[in-house]
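In what follows, residues are counted from 1 in the order of the sequence shown. Here the structure is a predicted model, which is why all the values come from computation and not from measurement.
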Amino acid sequence: SSIMFSEAEVQSARGAWEKIYVDAEDNGTTVLVRMFTEHPDTKSYFTHFSGMDSAEEMKQSDQIRGHGKRVFTAINDMVQHLDNSEAFLGIVNPLGKKHATQLKIDPKNFRIICDIILQLMEEKFGGDCKASFEKVTNEICTHLNNVYKEVGW
């Protein structure tokens, strides 16, 4: 299935994403810490985070910082290929497969992460920034969910 982004949508989504990606590690960390704090059940997937209860402690964790950066790097790769379905899916598919089969992450967590990213965009850069990126997060979540269905989740 092709990804339906107009050239204008691609440009505004990339512009919005660049603002938050400039501080990929800090913003990625903020997103994960928020997820673990607001949805504590998500911590169960990360055994080495389970003893951490305070947001401050989590923010200092190299492992959380590293994963926050990985999440943002993966989304950045997708954002670079919004105008090329094949390349976009070439990133989304293996990522989805790994999270479904090896890591066994519930796909609802992708939506949670995406919503927190949108929330952070709105807080830092306003509603237009968030609006420009909403369609991207919907596409990412839809395609990840499709991968899960394909592997029989």
Would you mind reporting whether [Y] and [X] have side-chain heavy atoms less than 4.5 Å apart?
X	Y	result
T29	M58	no
F46	I64	no
F5	V136	yes
C129	E122	no
M78	L95	yes
D77	F88	no

Short side-chain to backbone donor-acceptor contact, E38 and M35, under 3.5 Å =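 Not confirmed, E38 side chain does not pair with M35 backbone.
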Check: K98 side chain, N93 main-chain N or O, donor-acceptor pair, under 3.5 Å =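 A pair under 3.5 Å: no.
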message = Just by distance, no angles: are the side chains of H67 and Q63 close enough, under 3.5 Å, to form a donor-acceptor pair?
response =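 There is no such pair between these side chains.
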Is it the case that atom [atom1] in [X] sees more than 12 heavy atoms from other parts of the structure closer than 6.0 Å?
X	atom1	result
D41	CG	yes
K97	NZ	no
N138	CG	yes
K108	NZ	yes

Compare every heavy atom of [Y] with every heavy atom of [X], then report the nearest pair and how far apart it is.
X	Y	value
K104	T101	NZ-O, 2.6 Å
H81	A87	CD2-CB, 3.4 Å
V79	R14	O-NE, 3.0 Å
G68	L32	N-CD1, 3.4 Å
I113	V71	CG2-CG1, 4.4 Å
V147	G96	CG1-C, 3.7 Å

key: Test of ring centre spacing under 6.0 Å for H99 and Y148   =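 No.
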[atom1]-[atom2] distance between [X] and [Y], expressed to the nearest 0.5 angstrom:
X	Y	atom1	atom2	result
I140	R111	CD1	CZ	9.0 Å
N109	Y45	CG	OH	5.0 Å
I117	E134	CD1	CD	12.5 Å
L120	K19	CG	NZ	13.0 Å
F72	D23	CZ	CG	9.5 Å
R34	H39	CZ	NE2	11.0 Å

key: Salt-bridge contact R65-D26 (side-chain N to carboxylate O under 4.0 Å)   =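 Result for this pair is yes, salt bridge flagged.
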task = Examine K130 relative to F125 and say whether NZ or CZ is less than 6.0 Å from the centre of the six-membered ring and inside a 45° cone about the ring axis.
result =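 Geometry flag: not set, cation outside 6.0 Å or 45°.
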